[in-house]
Amino acid sequence: MNLSDNSISDQNIEKSLWYISHKTKIKKAITIFLIILIIILYSFSIFKFINIKISDYKNNTYEWVDISFTNRQARSVPQELIITNKDIIKKPTTYDVVI
């Protein structure tokens with residue numbers, strides 16, 4: 001399109017007229033498509049939520065489990081510290097430091 005001639009081709013005019021005449025239909029079609037898409041996605045989400053809740057309800061078998069930490073305590077016994085060449089710094093207000 002040449003702006004200096006101020007000429008518009010017939011094809012451009014036909015495209016513009018088609019767009020103007022179908023503009024509201026295009027907007028309605030896009031809106032309807034998006035509404036249907038949202039409804040489908042929400043219904044799928046609700047279906048899966050209900051499906052998961054039903055399967056959780058069926059598989060709910062709770063048993064009392066007594067947890068014993070004796071093995072963990074046996075492995076975590078503190079070892080005796082062997083300190084050689086010890087320098088103890090005594091602090092009167094807090095604690096002693098061994099270097």
If you define the side chain from C-beta out and look only at heavy atoms, does anything of K23 sit under 4.5 Å from Y19? yes
Which other residues end up in the same hydrophobic cluster as I20, if Ile, Leu, Val, Met, Phe, Trp and Tyr are linked when side-chain heavy atoms come under 4.5 Å apart? none
Sequence neighbours left out, cut at 3.5 Å: what donor-acceptor pairs do the side chains of residues 33-53 make with other protein atoms?
{"unit_1": "S43", "atom_1": "OG", "unit_2": "I39", "atom_2": "O", "d": "3.0"}
{"unit_1": "S43", "atom_1": "OG", "unit_2": "I40", "atom_2": "O", "d": "2.8"}
{"unit_1": "S45", "atom_1": "OG", "unit_2": "L41", "atom_2": "O", "d": "3.0"}

Separation between CD1 of I8 and NZ of K15, rounded to the nearest 0.5 Å: 13.5 Å
